[in-house]
Amino acid sequence: LGLDAKLFRGAAGSQASTEVTNVKDLTLNLESGEADVTTRATQGWKATAATLKEASLEFTILYDPADADFTAFQTAYFSNTPLALFVSDGQNTAHGLDADFSITAFSVEQPLEEAMSVSVTAKPTASTRAPQWV
């Protein structure tokens with residue numbers, strides 16, 4: 001269940017170890033670029049090869065300036081400082097994406113009848129640690 005999944009954050013350059021408990025919904029987007037490798041040998045069918053991989057995280061946290069997780073993402077956004085993030089499936093032998101990320105969006109949502117929240121987008125950034133699936 002998504003309820004069992006976890007997001008961890010930490011200082012860029014090392015695997016994240018602090019669990020982010022203020023997260024509501026999270027989506028890990030994984031895609032690859034495409035190269036056209038069509039030849040006459042494909043007999044009229046277009047052929048594609050996967051190229052560079054792309055990843056992004058989109059998640060919601062509650063708006064709470066007293067919360068350390070909120071503050072970490074807000075600071076990372078406004079100072080353009082990368083964060084180590086690990087998106088885990090929450091199982092005993094956790095699987096997920098581990099990388100240093102830049103916070104590319106920090107959108108405050110103020111619905112009339114709900115708690116204020118922030119929609120966060122994070123994307124892997126240049127780092128000494130290449131993104132990896134662990």
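For clarity, every value in this text was computed on a predicted model and none was experimentally measured. Start at 1 with the first residue, then count along the sequence.
The distance from the CD atom of Glu19 to the CG atom of Leu7 is 8.5 Å, given to the nearest 0.5 Å. Expressed to the nearest 0.5 Å, how far CD of Gln74 lies from CD1 of Ile61 amounts to 8.5 Å. Atom CZ in Arg9 sits 9.0 Å away from atom OG in Ser17 (nearest 0.5 Å). Once rounded to the nearest 0.5 Å, the distance linking OG1 of Thr121 with CG of Asn29 reads 9.0 Å. Going from atom CG of Leu57 over to atom CG of Leu97 covers 7.0 Å, rounded to the nearest 0.5 Å.
Between His95 and Val134 there is no side-chain heavy-atom pair separated by less than 4.5 Å. Within the 4.5 Å cutoff, the side chain of Thr81 has no heavy atoms near those of the Thr75 side chain. Residues Leu26 and Glu58 form no side-chain contact, since every pair of their non-hydrogen atoms from C-beta on lies 4.5 Å or further apart. Counting heavy atoms from C-beta outward, Phe70 and Leu62 have side chains that stay 4.5 Å or more apart. Contact annotation: the side chain of Leu83 approaches that of Phe73 to within less than 4.5 Å [non-hydrogen atoms, C-beta and beyond]. At least one side-chain heavy atom of Ile103 sits less than 4.5 Å from a side-chain heavy atom of Val120.
Side chain of Ser32 to main chain of Lys53: no donor-acceptor pair is present (N/O by atom type, distance under 3.5 Å, no hydrogens or angles). With hydrogens and angles disregarded, no donor-acceptor distance shorter than 3.5 Å links the side chain of Thr60 to the backbone of Ser119. At distances below 3.5 Å, at least one donor-acceptor pair connects side-chain atoms of Thr38 with backbone N or O atoms of Ala47. A donor-acceptor pair under 3.5 Å is formed between the side chain of Thr42 and the backbone N or O of Thr39.
Atom CD of Glu114 has 12 or fewer heavy atoms from other residues, nucleotides or ligands within 6.0 Å.
In this pair, Phe86 and Phe8 present their aromatic rings parallel. The plane angle is below 30°, not in the 30 to 60° band. The aromatic rings of Phe106 and Phe78 lie perpendicular to each other, with more than 60° between the two planes, well past the 30° mark.
The shortest non-hydrogen separation linking Pro65 to Thr71 is O-OG1, 3.3 Å. Shown here for Thr51 and Glu34, the closest heavy-atom pair between the two residues is OG1-N, 3.4 Å. Closest non-hydrogen pair, Ser14 versus Ala84, comes out as O-CB, 3.0 Å.
Not a single ring-ring contact (aromatic ring centres under 6.0 Å, His included) links Phe101 to another residue, sequence neighbours left out. For Glu54, the salt bridge (Lys or Arg N to Asp or Glu O under 4.0 Å) test picks out no residue, with sequence neighbours left out.
Leu85 and Leu30 fall within a single hydrophobic cluster, where Ile, Leu, Val, Met, Phe, Trp and Tyr are joined by side-chain heavy atoms under 4.5 Å apart, directly or via other members. No chain of hydrophobic side-chain contacts below 4.5 Å, direct or via other Ile, Leu, Val, Met, Phe, Trp or Tyr residues, connects Leu52 to Val37.
Electrostatic pairing of Asp98 and Arg129 counts as a salt bridge here, judged by a charged N lying under 4.0 Å from a carboxylate O.
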task: Begin from the C-alpha positions of Asp100 and Thr125 and carry the test side chain to side chain donor-acceptor pair (under 3.5 Å) through to its verdict.
output: CA-CA 6 Å; Asp100 290 343; Thr125 190; over 6 Å; no

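Under the ring pair (Phe, Tyr, Trp, His ring centres under 6.0 Å) criterion, no residue pair touches residues 108-134, with sequence neighbours excluded.
Counted by atom type alone, Ser117 and Glu109 present one or more donor-acceptor pairs between their side chains at under 3.5 Å.
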